[in-house]
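Here is the structure we will look at.
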Amino acid sequence: MPELGDVEGWRRLLGRFERSTIEAIDVLDDGVIRNRSAAEFVDALLGEQIGAPARIGKWLQVPVGDVIVLFHFGMTGALSIGDSTPAHRYDRVVFTTDAGSFSYRDLRKLRGIYVASTAAEVDAIVGPLGVDALIATAADLHDSVGAGRSSIKAALMDQSRIAGIGNFLSDEILWRAGIDPRTPTSLLTGDQWIGLHRSLRTVLRAAARAGHTPRGPRWLTGARWRDPATCPECGSELRRGVVAARTSVWCPACQHTGG
DNA sequence: GTGAATGTTCATTC
DNA sequence: GGAATGAACATTCA
């Protein structure tokens with residue numbers, strides 16, 4: 001699930017807990033608490049007040065008391081608001097506050113929850129991140145994503161170049177921009193960069209607003225599941241293959257390499 | 001049993 | 001140094 005739109009949706013939902021106090025923490029699986037013991041984690045947060053949640057790329061950052069709690073959802077994580085009693089099968093940590101409860105829910109546990117005491121510690125945990133994709137300008141896009149020699153799809157998913165775009169969003173953006181995902185960034189024309197930025201904004205704003213990557217009839221993400229999968233724009237059969245080491249879908253009729 | 005899954009990281013190999 | 005590749009992480013589902 002989680003790419004920029006999902007995490008932005010959870011950030012918004014978590015906003016309703018701002019200024020509430022954590023009254024209980026149920027660590028159902030301490031494997032997801034990554035850089036503290038479960039006891040240290042509970043000790044640091046219990047009785048503390050929640051601040052305004054922020055998002056950078058796919059990271060959710062929540063000030064709690066004197067520390068910052070960092071959530072990363074991997075491929076299968078989610079923040080579940082309000083329906084954590086009784087605990088869902090994949091709830092790993094349940095937070096109860098005086099404003100209600102929420103839980104960190106995750107099937108595969110590829111990532112987890114971190115605690116940072118300083119800004120330097122935050123940086124060390126999240127690693128190098130490019131500008132957040134939702135606020136990236138056309139110049140940001142060209143200068144960061146365009147600086148290497150990789151395919152455009154790999155570059156869009158590279159969190160150190162631009163933060164928040166994953167497999168589905170990159171496919172969606174490239175489809176809308178009419179660019180073949182395998183195109184080396186060095187081959188993109190000025191017009192293609194402009195179009196790419198326009199598509200990126202359209203897709204990410206819709207995803208952020210919806211709280212997930214849209215799957216409607218005019219979206220590639222809606223079409224990629226069908227069998228046979230056809231292009232929502234032209235009806236051609238979509239192509240499926242591995243690009244940038246990820247399962248990718250694109251339209252051979254609408255998406256091109258050349259300018 | 002096999003393969004694949006919306007993410008990231010590490011080692012290895014061009 | 002960069003970039004691509006494959007494995008690994010942990011788990012479920014088709």
Side-chain angles (χ1 to χ4, degrees), chain A residues 1-10 28-35 55-60 70-80 88-93 104-114 122-130 132-134 144-176 181-188 200 203-204 206-208 210-216 219-227 229 238 240-250:
Chain A
M1 268 181 151
E3 294 180 68
L4 186 147
D6 309 86
V7 183
E8 179 63 16
W10 297 325
L28 303 171
D29 184 335
D30 59 13
V32 302
I33 315 281
R34 297 294 175 142
N35 68 340
R55 181 191 57 77
I56 302 182
K58 301 171 188 172
W59 286 92
L60 186 60
L70 301 163
F71 295 88
H72 196 294
F73 301 94
M75 280 206 256
T76 55
L79 203 64
S80 170
H88 181 275
R89 182 175 177 191
Y90 302 130
D91 279 344
R92 308 300 181 183
V93 181
Y104 179 81
R105 186 173 289 183
D106 191 16
L107 190 159
R108 287 171 65 187
K109 300 186 288 187
L110 291 174
R111 307 293 284 161
I113 307 173
Y114 304 73
V122 171
D123 289 345
I125 291 165
V126 305
L129 288 182
D132 186 79
L134 194 56
S144 58
V145 175
R149 286 173 296 176
S150 58
S151 69
I152 182 60
K153 165 140 180 166
L156 282 174
M157 291 196 303
D158 183 342
Q159 302 302 300
S160 70
R161 297 184 188 277
I162 189 168
I165 298 172
N167 194 28
F168 283 12
L169 283 175
S170 62
D171 278 359
E172 189 72 50
I173 291 164
L174 289 168
W175 173 71
R176 198 160 292 247
R182 300 165 297 183
T183 310
T185 56
S186 58
L187 294 186
L188 293 183
L200 180 147
V203 169
L204 295 187
H212 55 85
T213 304
R215 292 187 179 194
W219 290 76
L220 183 70
T221 308
R224 67 187 296 151
W225 306 102
R226 302 202 190 94
D227 189 19
L238 294 170
R240 206 178 287 272
V242 175
V243 179
R246 307 300 302 278
T247 304
S248 306
V249 172
W250 70 97

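All chains are named by letter (A, B, ...) in the order of the sequence lines, taking the proteins before the strands, and each is independently numbered beginning at 1. Below, all heavy atoms of this structure are taken into account, side chains as well, without hydrogens, waters or symmetry copies.
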**Request:** In whole angstrom, give the distance that lies between atom CE of A/Met75 and atom P of C/dA10.
**Result:** 14 Å
**Request:** Would you indicate whether the side-chain heavy atoms of A/Leu238 and A/Leu220 approach each other to under 4.5 Å?
**Result:** yes
**Asked** What is the distance, rounded to the nearest whole Å, between atom OH of A/Tyr114 and atom P of B/dT8?
**Response** 11 Å
**Message:** Distance criterion of 3.5 Å, no angle test: do you see the side chain of A/Arg215 paired donor-to-acceptor with the base of B/dT6?
**Reply:** yes
**Request:** May I ask you to verify if any side-chain N or O of A/Thr76 is less than 4.0 angstrom from the OP1 or OP2 atom of B/dA5?
**Result:** no
**Message:** What's A/Arg182 touching, base or sugar-phosphate or nothing? Going by heavy atoms closer than 4.0 Å.
**Reply:** nothing
**Message:** Just the rounded figure in Å: distance from P of C/dT12 to CG of A/Leu107.
**Reply:** 6 Å
**Asked** Given atom NZ of A/Lys109 and atom P of B/dT6, what is their separation to the nearest angstrom?
**Response** 20 Å
**Prompt:** C/dG1, C/dT12, B/dT6: which one has an atom nearest the side-chain heavy atoms of A/Arg149?
**Reply:** C/dG1
**Prompt:** With rounding to whole Å, what would you report as the distance between C/dG6 and B/dG3 at their C1' atoms?
**Reply:** 16 Å
**Message:** I want to check something: taking the side chain as every heavy atom from C-beta on, are A/Gln159 and A/Trp59 in contact at a cut-off of under 4.5 Å?
**Reply:** no
**Message:** Quick check with a 6.0 Å cut-off and a 45 degree axis cone: is A/Arg224 positioned over the face of A/Trp219's six-membered ring?
**Reply:** no
**Asked** What is the nucleic acid contact for A/Phe73, judged by heavy atoms within less than 4.0 Å: base, sugar-phosphate only, or nothing?
**Response** nothing
**Request:** Calculate the interatomic distance between A/Gln159 atom CD and B/dT8 atom P; express it in whole Å.
**Result:** 4 Å
**Prompt:** With respect to the phosphate group of B/dT6, does any side-chain polar atom (N or O) of A/Lys58 fall under 4.0 Å of OP1 or OP2?
**Reply:** no
**Prompt:** So, A/Tyr104 side chain and A/His72 main chain: donor-acceptor pair closer than 3.5 Å or not?
**Reply:** yes
**Request:** Looking at every strand, decide which applies to A/Trp59 at a 4.0 Å heavy-atom threshold: base, sugar-phosphate, or nothing.
**Result:** nothing
**Request:** May I ask you to say whether A/Lys153 pairs ionically with A/Asp171, meaning some side-chain N is under 4.0 Å from a carboxylate O?
**Result:** yes
**Request:** Can you tell me the distance, in whole Å, between the CZ atom of A/Arg89 and the C1' atom of C/dA10?
**Result:** 13 Å
**Request:** Would you mind pulling out the nucleotide paired to C/dA7, Watson-Crick or G-U wobble, both distances under 3.5 Å?
**Result:** B/dT9
**Item:** B/dA4 versus C/dT5 - spacing of their P atoms, nearest Å
**Value:** 16 Å
**Message:** What's the closest nucleotide to the side chain of A/Asn167 if the choices are B/dA5, B/dG7, C/dA4?
**Reply:** B/dG7
**Prompt:** Between C/dA7 atom C1' and A/Arg108 atom CZ, what is the distance in whole Å?
**Reply:** 13 Å
**Complete:** The nucleotide from B/dG7, C/dA3, B/dT6 with an atom nearest the side chain of A/Arg161 is C/dA3
**Asked** Heavy atoms under 4.0 Å, any strand shown: does A/Thr221 hit a base, just sugar-phosphate, or nothing?
**Response** nothing
**Item:** Euclidean distance, atom CG of residue A/Leu70 to atom P of B/dT8 [Å, nearest integer]
**Value:** 14 Å
**Prompt:** Below 4.0 angstrom from OP1 or OP2 of C/dA10, is there any side-chain N or O of A/Arg111?
**Reply:** no
**Message:** Taking only side-chain N and O atoms of A/His72, does any of them lie within less than 4.0 angstrom of OP1 or OP2 on B/dT8?
**Reply:** yes
**Request:** Would you mind reporting whether A/Leu60 and A/Phe73 have side-chain heavy atoms less than 4.5 Å apart?
**Result:** yes
**Prompt:** Which base sits across from B/dG3 as a Watson-Crick or G-U pair, both distances under 3.5 Å?
**Reply:** C/dC13
